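Okay, structure first, notes after.
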Amino acid sequence: MSSLLRVADLTVSFPDRHGRAPVVQGVQLSLEAGEILALVGESGSGKTVTALSLVRLLPPGATVAPESVVEIGGIRVLGPGATPARHLRGGTVGVVFQEGSGALNPVRRIGEQLREVVVRHRGVAGAEAGREVVRLLEEVGLPEPSRVASSFPHQLSGGMRQRVLIALALAGDPRLLVADEPTSALDARVQLRILALIRELTRTRGLGTLLITHDLGVVAHTSDRVAVMYAGRVLEEGRADQLLRSPGHPYTRGLLAALPSGRQRKAPLASMPGRMPPPGLRGAGCVFRDRCSQERPRCREEPDWVSLGETGGRVRCWLALEAEG
Amino acid sequence: MSNLLEVRDLAVTFPGHRGSEPCAAVRGVSLAIARGETLGLVGESGAGKTTIGRAVLGLVRPSAGSIQFDGIDLGSMDQVGLQRFRRRAQIVFQDSMESLNPRMRIGDVLREVLMVHGTPRGSRPEEVRALLERVGLPPGIVELRPHELSAGQRQRVGIARALAVSPELVVLDEPVSALDVSVRAQVMNLLLTLQSELALTYLFISHDLAVVHHMSDRITVVHEGKVVEEGPPDVVLQQPAHPYTRALTDSALPWTVRM
Amino acid sequence: MDSRTAVSSDRSKAPPLLAGRVARWSSLGGNRMARLGLMGVGVAAGLALLAPMLAPHDPMQTDLTRNLLAPSWDHLLGTDQLGRDVLSRLLHGARVSLGIALLSGTLSVVIGVALGALGGYLGGWVDSVVMRMVDVVLAVPRLVLLVTVIAIVQPSVTAIVLLLAFTQWPAPARLIRAEILSLKERDFVEAARALGYSRTRILLRHLVPNALSPVLVAATLGVSHTVILESGLAFLGLGVPLSWGTLLLSGQANLLTGAWWLSVFPGVAIALVAIAFNLVGDGLRDALDPRQEVRL
């Protein structure tokens, strides 16, 4: 069976002072219908660029390497022999933007903005489109959907606007949902409800959801599987519960250890030294080796994927290979 | 036990814009911080945390209540007294990009503080170097401008700037919320080290329960401009008495709070 | 769905290699039209400065035996009705026209920035007074005011510079006031207050330098406007000798005699300088616009 989303060898470069620097390098991902995959990483890890290249929303200047492949629902949208995809955004793929990012037009009513997408992608018009708008607003859990439809964005709360943005992403009846930090701007209580909604929609609609986040709490709470990105590469992936309980990559372990545990107040947190190398300064070999406490001579070579037991988890680290024997 | 800061019945009301209602951001808040202690101030956005922090530093005028710093009432200070107070109480902001003048080199940022507060010209370079070392930054950074630094480095500059006047109280307004996990741990460790080395008193403002729990000796929960609960971190966050606090702790995600 | 780029929450933490002033300033150099404009302004300024050396003849030397000569090797741009060399008059005229435009522009920016910055920063009655002054100046039609006053006081460089500056200061004043109003809410200003910096220091070191960009853009665009305005006044007979507008006026009188060179060359000079300043202004706007910054 082919996955809903398959990404292989995705490499995206941006111009820098010395020419071009890869910001995303050799990323592989796969996502099934009904599943939430969290793409987690710190700033500069390349998670957002990865997501943007799926929907071809890369900023000008970005170049995608020719060997990069993206397939959605078995249709190649990027790479050799790709079909030109004018209806890709909003159609097969729905993008949930972050509240406050300016994705809603402040001077147009919610209903009009939704209707536009509905009409364009569903080929319906008139009262039919109006009914569809109300149905969408209802689906994302907004009370009094017709009142919301006739409101302007500023008349709604942050949580309601985020729901509207989700409805907007659903309006084209997508199969793949890409949500970029959908809850980072929200308070904890609202965040929980929005995450619950995304989970419910993924199940009921049979969507594949790619959730971009930097928050491990969101990962643990919401996703089925996780891919951990660092310096443009995916270093580890696996089932969320498994990966967070027993992380396999030294970087993932470092991340989890750096969180306050709630046990020893005011004690120093285990912090990784140094910082993520910027694009262009990521030499050959393992990108994490400069900050890794267990660096080996072998780490100067690029590590390959190593599977971790039967759980389907895998890491890009030579240590894991050693541990296997 | 001597309190460095005592706030009684503080209220802050902002005038409404063009005919709209005035907005009561803080409505009768009382709190006290002992010397060398960290008081965590928790609440959601719009709860009035930031306004309390600014009022404590005399940056926002209270509409009612009193603020006493080391026994002196903030409202009764004259110019000289206020300038002396500025050397004893400082602030670190959330957004390190916003909190640094984009056109100034880091060296100038720190030298300016020293100059205004009367450090002789000759000893300024030495002081700047010492400040940078204290916050773990390389001396060469003085030549750079804010946008050339990483977020973590910028936040260290913000801390160094606050420390330049050798304050006793530092208001930390969401100091690590904009930072990535690994950098956040570094900065939290730095703040803890500085506190124990320099005997600093912190007012630590954050919406992140795990971070506040880790950093604080006591916690105050604010909601809609009022204090709803107050006490030791373990008690407030593990056995919350007030329904609002309970709602907060219930909606904190695992790994954001692991207790 | 619109095609705007998704904005991630961590835009301020974009890798430094992609952001920064270097990239922005080099974009001024990278903009070909702006570079062309810069070259034009440079050439005009150079010619004006070096006019006494470059001018082949004395611009005031009349020679009625050689009047209204068409362009020739001896007089590259011909001579006027009094036999004066048009090229020399144009070169010396550049000093007058550019000088008036730049002086009045600078003066209006100085006045506008001072008043606008004070109003924006101090607020209250200071702001009200400044803004009412702005309203008053803007309420008077500029051309009417200029024509009336200059007709009364007699045209002189000082009078024209002062009057132009007086009618132009509201634009920079409003621009800088708006910038300062938004800047003073920023955390670095709050930090400066917390550190006990004086109001003067906050205004001069932290607010004004960060608020100047749009003012400089507007002022540059304004210079081209002033060159045309001043020429227009001179064309109405309210100019000083040698101003390009004055040259144009004398050319107009001779247009029927077929001495086209008296009108065409000053006209072209005015147009080219105005266009050059416009190009520089546009380039500057692109270079200083924070939205033009490359973001990841």
Side-chain angles (χ1 to χ4, degrees), chain B residues 50 53-54 56-60 79-80 82-104 108-110 112-118 144-155 157-158 161-162 164-165 167 170-171 173-174 178-180 183, chain C residues 7-26 123-124 127-128 179-216 288-290 292-296:
Chain B
T50 292
R54 305 282 156 105
V56 156
L57 293 173
L59 297 173
V60 168
Q79 274 301 315
V80 179
L82 200 63
Q83 201 65 5
R84 201 175 299 136
F85 168 69
R86 298 267 176 244
R87 283 199 281 278
R88 300 181 69 187
Q90 272 308 312
I91 181 163
V92 174
F93 298 89
Q94 165 173 10
D95 187 336
S96 56
M97 196 70 203
E98 279 283 299
S99 70
L100 294 171
N101 185 336
R103 287 184 192 271
M104 280 173 84
D108 294 331
V109 169
L110 298 178
E112 184 177 32
V113 189
L114 297 173
M115 188 192 78
V116 168
H117 288 279
L144 302 180
R145 291 202 168 81
H147 71 268
E148 296 170 293
L149 271 52
S150 72
Q153 289 175 320
R154 278 198 300 266
Q155 197 54 297
V157 172
R161 177 178 60 188
V165 295
V170 182
V171 173
D173 191 353
E174 304 265 11
L179 302 175
D180 280 316
V183 183
Chain C
V7 184
S8 77
S9 62
D10 43 35
R11 73 160 83 118
S12 63
K13 288 178 267 171
L17 79 160
L18 289 168
R21 207 164 313 257
V22 186
R24 286 200 269 147
W25 271 107
S26 66
D127 194 31
S128 302
E179 283 293 306
I180 292 217
L181 280 180
S182 82
L183 279 171
K184 74 177 184 182
E185 306 293 324
R186 298 261 299 263
D187 283 346
F188 69 85
V189 177
E190 198 80 341
R193 291 178 60 210
L195 285 161
Y197 293 178
S198 67
R199 294 214 277 194
T200 321
R201 167 170 293 278
I202 292 176
L203 186 62
L204 295 184
R205 283 276 284 168
H206 297 273
L207 289 172
V208 170
N210 283 297
L212 274 182
S213 306
V215 177
L216 293 182
L288 293 173
D289 186 347
Q292 296 278 325
E293 221 173 314
V294 186
R295 275 179 186 146
L296 190 59

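Please read all numbers here as calculations on a predicted model, not as lab measurements. Proteins come first, then strands; the chains are lettered A, B, ... in the order of their sequence lines, and each starts at number 1.
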### Minimal non-hydrogen separation, C/Leu204 against C/Val208, with atom names
O-CB, 4.4 Å

### Message
Could you go through C/Asn210 and C/Glu179, starting from their C-alpha distance and side-chain angles, then the distance that decides it, and tell me whether this counts as side-chain contact (heavy atoms from CB on, under 4.5 Å)?
### Response
CA-CA 8 Å; C/Asn210 283 297; C/Glu179 283 293 306; over 6 Å; no

#### Entry: Heavy-atom closest contact (B/Ser96 atom, B/Ala151 atom, distance)
OG-O, 3.6 Å

### Task
Identify the residues of residues 189-199 of chain C whose heavy atoms come closer than 4.5 Å to a heavy atom of chain B, ordered by number, or report 'none'.
C/Glu190, C/Ala191, C/Arg193, C/Ala194, C/Leu195, C/Gly196, C/Tyr197

### Task
Take B/Val116 and B/Val165, measure what side-chain contact (heavy atoms from CB on, under 4.5 Å) needs, and give me the verdict at the end.
CA-CA 10 Å; B/Val116 168; B/Val165 295; over 6 Å; no

## Note on the structure
In short, ring pair (Phe, Tyr, Trp, His ring centres under 6.0 Å) pairs touching residues 85-104 of chain B with sequence neighbours left out are B/Phe69-B/Phe85

### Query
At their closest point, which heavy atom of B/Asn101 faces which heavy atom of C/Arg205, and how far apart are they?
ND2-O, 3.4 Å

### Query
Would a 4.5 Å heavy-atom cut-off, applied to side chains only, mark C/Leu203 and C/Ile180 as touching?
yes

### Query
So what's closer than 4.5 Å to chain C heavy atoms on B/Glu98: side chain, backbone, both or neither?
both

### Task
Among B/Leu100, B/Asp173, B/Val109, single out the residue with the greatest number of heavy-atom pairs under 4.5 Å to chain C.
B/Leu100

### Query
Given the options B/Arg54, B/His117, B/Arg161, which has more heavy-atom pairs under 4.5 Å with chain C than any of the others?
B/Arg54

